[in-house]
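All remarks here apply to the structure that follows.
Indexing begins at 1, ligand by ligand and atom by atom, following the structure's order.
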Amino acid sequence: MSELSGKVQTVLGLVDPDQLGRTMTHEHLTMTFACCYFPPPQGDEAVAENPFQMQHMHWLRQNPYSCHENLLLQQEVPAVRDELLAYRKAGGGTIVENTTTGIDRDLPTLKQLSKDTGVHVIAGAGYYVDCTHTEATKRMSVEKLTDIIVSEVLHGADGTDIRCGVIGEIGTGWPITESERKVLRATAHAQTQLGCPVIIHPGRNPTAPAEVLRILQEAGGDISKTVMSHLDRTIFDDGELLEFAKLGSYLEYDLFGTEMLDYPYNLEVDMPSDSQRVKTLALLVKEGYGDKVLVAHDIHTKNRLTKYGGHGYSHILKNIVPKMLMRGISQHQVDKILIDNPKHWLTFK
Ligand SMILES: CCC(=O)NCCS(=O)(=O)O
């Protein structure tokens, strides 16, 4: 039996799963999203150059990807430290930090933030979406990719001895590229060796999540230990959602706090409001999937920080939990979503 078995691996080492407490399963504390810059609407160029003013806050919430500076979360370590202290005060215990290769994972900073704040931080192994894969990555065999991912969990990543505790977020687009397919197969092979948790960023198409699970399953992956992220912007029809839920992965609503009219990466998408997200969680609980639901904010741009008038990492604990209770989700079920489900997912087999 491996020394990881029955434990959770944080950036500070192995911990007992009962120590995690309330857990956000999909956040970023330091990263760059420059790969996904989207030009501003015509006429808004001047605002995009100088967005961090009170009168531009609404514009920034509607157009978070159209301002270069907003995509550099890695410049905000002191603000993130303050936010983590506030998160602890609000009752939070753990954050899964989903930054993988391609969007500037910074393990020493994650370790320091965890030391400074007492929040458990779990780092992610593997690769983000195709446009961030280097030519060298694209040339790698599945075996080589598997070895790298396994090593990031067992020995440490990015030339450090700081170990990752999950694989992901593994980035995929739509359609899924050949390089992304190889990374998915490597993810499944690494998961088979390690018995570890996996988390996926699906493409922006309602059929993308099931296609990813199919690829993972064919490569021997454990779907019951895999999280499908970003369902808020991916599957909109209740019937389709319940069909997807039958496949057995964790179901993650991780864009709490993000409300925007025009989702630039796919204008077909109507981004739900937080109230609509809570309604969907209530549906999943009622239909028997309460032990599969996970939640988070996926903070990946500056404007989502409270420093810039955003919702911050404590929004779910402070505002969404009361709304969940008000909409008939029991306290027992809320505790499952925030404590038990993350704990079971994050524990190595
Ligand atoms: C790196 C952060 C990330 O991928 N977030 C998801 C953004 S979106 O695809 O939901 O727009």
Determine, for [X] against [Y], whether the closest basic-nitrogen to carboxylate-oxygen distance falls under 4.0 angstrom.
X: K302; Y: E69; value: yes
X: K349; Y: D222; value: yes
X: E218; Y: R214; value: yes

Any non-hydrogen side-chain atom of M57 less than 4.5 Å from a side-chain atom of N303? no
Around ligand 1, what residues show up once you keep those with a heavy atom under 4.0 Å from it? H28, M31, F33, Y65, I103, Y128, E169, H201, R204, H230, R233, L255, Y263, Y265, D298, H300
Check for a donor-acceptor pair, side chain of H26 on one end and backbone N or O of L294 on the other, with a separation under 3.5 Å. no
Is the Lys NZ or Arg CZ of K292 less than 6.0 Å from the centre of Y250's six-membered ring, within 45° of the axis? yes
